[in-house]
Protein chains: 2
Amino acid sequence: MANKKASVTLVDVAREAGVSVMTASRALSGEGYASEETRSKVQAAAKQLGYAPNALARMMKGGKTNVIGIVVNDLSSQVVNAFVTALSVEVRKVEMDMFIYSTMGTLGEGRGAAVSQMLHGLWDGLIYVLPCMTDDFLKSLENASSPVLLLNYFRHETPLPVVRGDNYNGAQDAVSHLIELGHRRIAFVGGTAFTGQSDLRERGYLAALADAGIAADPSLIYQGNFQELSGLEAGRHLLALEQPPTAIFAASDTMALGCMNAIRERGLAIPQDISVVGFDDIPAASLAQPPLTTLRHPFQAMAQAAVQELLRRIRSEPGRRQRVEFPSEFVIRESTGPAPRTAAATPRKRAAARKADSA
Amino acid sequence: MANKKASVTLVDVAREAGVSVMTASRALSGEGYASEETRSKVQAAAKQLGYAPNALARMMKGGKTNVIGIVVNDLSSQVVNAFVTALSVEVRKVEMDMFIYSTMGTLGEGRGAAVSQMLHGLWDGLIYVLPCMTDDFLKSLENASSPVLLLNYFRHETPLPVVRGDNYNGAQDAVSHLIELGHRRIAFVGGTAFTGQSDLRERGYLAALADAGIAADPSLIYQGNFQELSGLEAGRHLLALEQPPTAIFAASDTMALGCMNAIRERGLAIPQDISVVGFDDIPAASLAQPPLTTLRHPFQAMAQAAVQELLRRIRSEPGRRQRVEFPSEFVIRESTGPAPRTAAATPRKRAAARKADSA
DNA sequence: CTGAAAGCGCTAACAT
DNA sequence: ATGTTAGCGCTTTCAG
């Protein structure tokens, strides 16, 4: 019986099988020559002893670990989730393994920064998903010893390779669509500034308004934080305005869903009274009632580009690209419709009664 | 300037600083004696060369990696997410690191099974979160060389340490509550059988009915798969019944939210026409309209118990426990209310028109 | 306080 | 087809 405590090594297996360590290694790995007889003898010994090769030792010898590290700030984000899932598929395709390291919102602080440093050697390359980091940290990454790639990074210019989605044009498309539907009072619900994505979406929104000759109304811009709760609050705030919007463009689906709750709460109908557009096309978007019109990131294509580019760098292959940008696809579902006849959605009785709580 | 390609090792640092490798090691790690002068000299050299210690080598020498591996089947599950987040906090408390390995639903197949074997040595211990695995795989885990703990495992008896929540009693509490509110036709929406959790929740449901002397109606039991979409389908199916239920108890919040969409779709009100109870208390539960009555797992306490127990095993400390079970807490929000006066929720016109599509 | 030697578990490269 | 040697980058042990 195998001794569970003291881990059994190749030496043990070799001794048990009565061969040299090297022979045991070959018999088990399948590399190099080994007679059928020896091979089965060794395999039997390994099985009997409960041998598991030490990945650490193997990696150290080879210099390559065959592992890609994925660093995320926040596992609970559905967008992050979609990226990680897509990455997992791509990593498997190239026959590597993948670990996820979650900094739980501490990236840039001591612990988060440490990932690329402290655990250096454990992976052949690192992909930062939706990173939000300080300038200092970005700089330190640029000198990292193993290849690093940023997935959906926007905040600063950097020589590091970046794969990202388009935010500006997508936002512009969405808002133009609302304008074509006759909307004039279109609100924007932004997310946190830290990743730089919300900002681009806001600029696309403003550009679309400007193109149509509509003056932007600052009171229709609400600063949220990408979370559903902030979407709920945004919705409540906007609907309580003297002149509420007839359409809301939220910088994330999560916030858009929050807005929808606020709208329902007020007894208004989507899209008859008010239209809603999100961004990201998370799974919940198509399941919402009504299904949410939104902008879809090509998650799988982006993940593939990220893995391939990182691989090129790991292998020092030619043909690298410093930045790849993917357009987002506008998906029209049922949460958007023509602007209501009255210039602005008329708050109904219930709503009117609450006017007092408008800020 | 550091050469980015050829990774710089301690030998390089030592040479640069004009000391022995050992001295460099001591100066950087802080362990053992080192004069202030040497220390700063070495640190300067390390910084200048962009030195990062190779975690692999360090781990190999010490035998301990200070890393706990977390294995999950499905990262997109909100319950898994809640556990992982809680685990992350606890792991940090004991000053270890944590990697997440997602099998993407392939646990038990080649790839998934490989985790504990192939990457053996990379972690000091492994926590399987909400594992669903074959008997064979479970057996192989029992002979694993490093400690393994199962978080929320129910399917088979096993000598492996298990930390889990209570499902049976929680379900019973929830259904008893509905009965007290006057409900008699209470539906159950189950999840996949694979983890064994749904089964326990169903048994709790049946027990509560039996206690109240209510005969279980098989037509009120719908088999879902824990996903929101299956909840939506469950809701549509149940509401289309000749005698629809006045309350639905879903085996997960996710499915409960799907049911709520189906109910709204049919023009019914929650909880006036129909009550809904979920299970898990995922973040979205409290944000729903109306906020969902549900059963909360004590995620943090469970995570703490899991990490502590695993640590005891890693360190071969005494006082181990084979199984720890945590009761779930019944959280009453606004999705449950008294049963409507009419024995069953009367389908309104729209609903009646659709009767044809009842299975 | 600092250095030299040994070795963690494995495999590439060279023998035999 | 199998065995021997060496060494990955680091730290533990023992000597200066």
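Within every chain, numbering begins at 1; the chains are lettered A, B, ... in the order of the sequence lines, protein sequences first and strands thereafter.
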Counting only side-chain nitrogens and oxygens, does B/S35 get under 4.0 Å of the OP1 or OP2 atom of C/dT2? yes
Are the side chain of B/Q322 and the backbone N or O of B/L160 linked by a donor-acceptor pair below 3.5 Å? yes
Hey, is the main chain of B/V84 close enough, under 3.5 Å, to the side chain of B/S88 for a donor-acceptor pair? no
Are the side chain of A/N66 and the backbone of A/D97 linked by a donor-acceptor contact shorter than 3.5 Å? no
Can you tell which of C/dG9, C/dT2, D/dG3 lies closest to the side chain of A/T23? D/dG3
Within less than 4.0 Å of OP1 or OP2 of C/dT2, is there a side-chain N or O belonging to B/T38? yes
Integer-rounded Å distance: D/dC10 C1' and A/H120 NE2: 12 Å
Identify, between B/S20 and B/A57, the residue whose nearest nucleotide on DNA chain C lies closer to the 5' end. B/S20
Does either side chain, that of B/E90 or that of B/Q300, offer a donor lying less than 3.5 Å from an acceptor on the other one? yes
Integer-rounded Å distance: C/dT11 P and A/M59 CE: 12 Å
According to the salt bridge (Lys or Arg N to Asp or Glu O under 4.0 Å) rule, which pairs have a member within residues 15-30 of chain A, sequence neighbours left out? A/D12-A/R15
Provide, to the nearest angstrom, the distance between the CG atom belonging to B/L56 and the C1' atom belonging to C/dG9. 11 Å
Provide, to the nearest angstrom, the distance between the CZ atom belonging to B/R15 and the C1' atom belonging to C/dG3. 17 Å
Could you go through A/Y128 and A/L150, starting from their C-alpha distance and side-chain angles, then the distance that decides it, and tell me whether this counts as side chain to side chain contact (heavy atoms under 4.5 Å, CB included)? CA-CA 5 Å; A/Y128 280 82; A/L150 307 181; 3.8 Å; yes
Mind calculating the distance between CG (B/L122) and P (C/dG9) to the nearest angstrom? 15 Å
For A/F99 and B/F99, take the angle between the two ring planes, folded into 0 to 90°, and tell me which bin it lands in: parallel under 30, tilted 30 to 60, perpendicular over 60. parallel
Value in whole Å for how far the P atom of D/dC10 lies from CG of B/L28: 10 Å
Hey, what do you get for CG (B/L87) to CZ (B/R92), rounding to the nearest 0.5 Å? 12.0 Å
For the pair A/L122 and B/M59, evaluate side chain to side chain contact (heavy atoms under 4.5 Å, CB included) and give the outcome as yes or no after the intermediate values. CA-CA 10 Å; A/L122 271 185; B/M59 288 170 175; 3.9 Å; yes
Return the nearest nucleotide to the side chain of B/L10; candidates are C/dG9, D/dT11, C/dT2. D/dT11
Hey, does the side chain of B/R58 come within less than 4.0 Å of D/dT11's phosphate (OP1/OP2), counting only N and O? yes
Mind checking the CZ-CZ spacing from B/R164 to B/R323? Nearest 0.5 Å is all I need. 4.0 Å
Considering just the side-chain nitrogens and oxygens of A/Y51, establish if one lies under 4.0 Å of OP1 or OP2 belonging to C/dC10. yes
Whole Å only: how far is the CG atom of B/N54 from the P atom of D/dT11? 10 Å
If the helix axis at each end comes from five base pairs, how far does the helix from C/dC1-D/dG16 to C/dT16-D/dA1 deviate from straight, to 10°? 40°
For atom CD of A/E36 and atom P of D/dT2, their distance in whole Å: 10 Å
Strictly under 3.5 Å: I want the nitrogen or oxygen pairs between protein and nucleotides 12-16 of chain D, one per line.
none

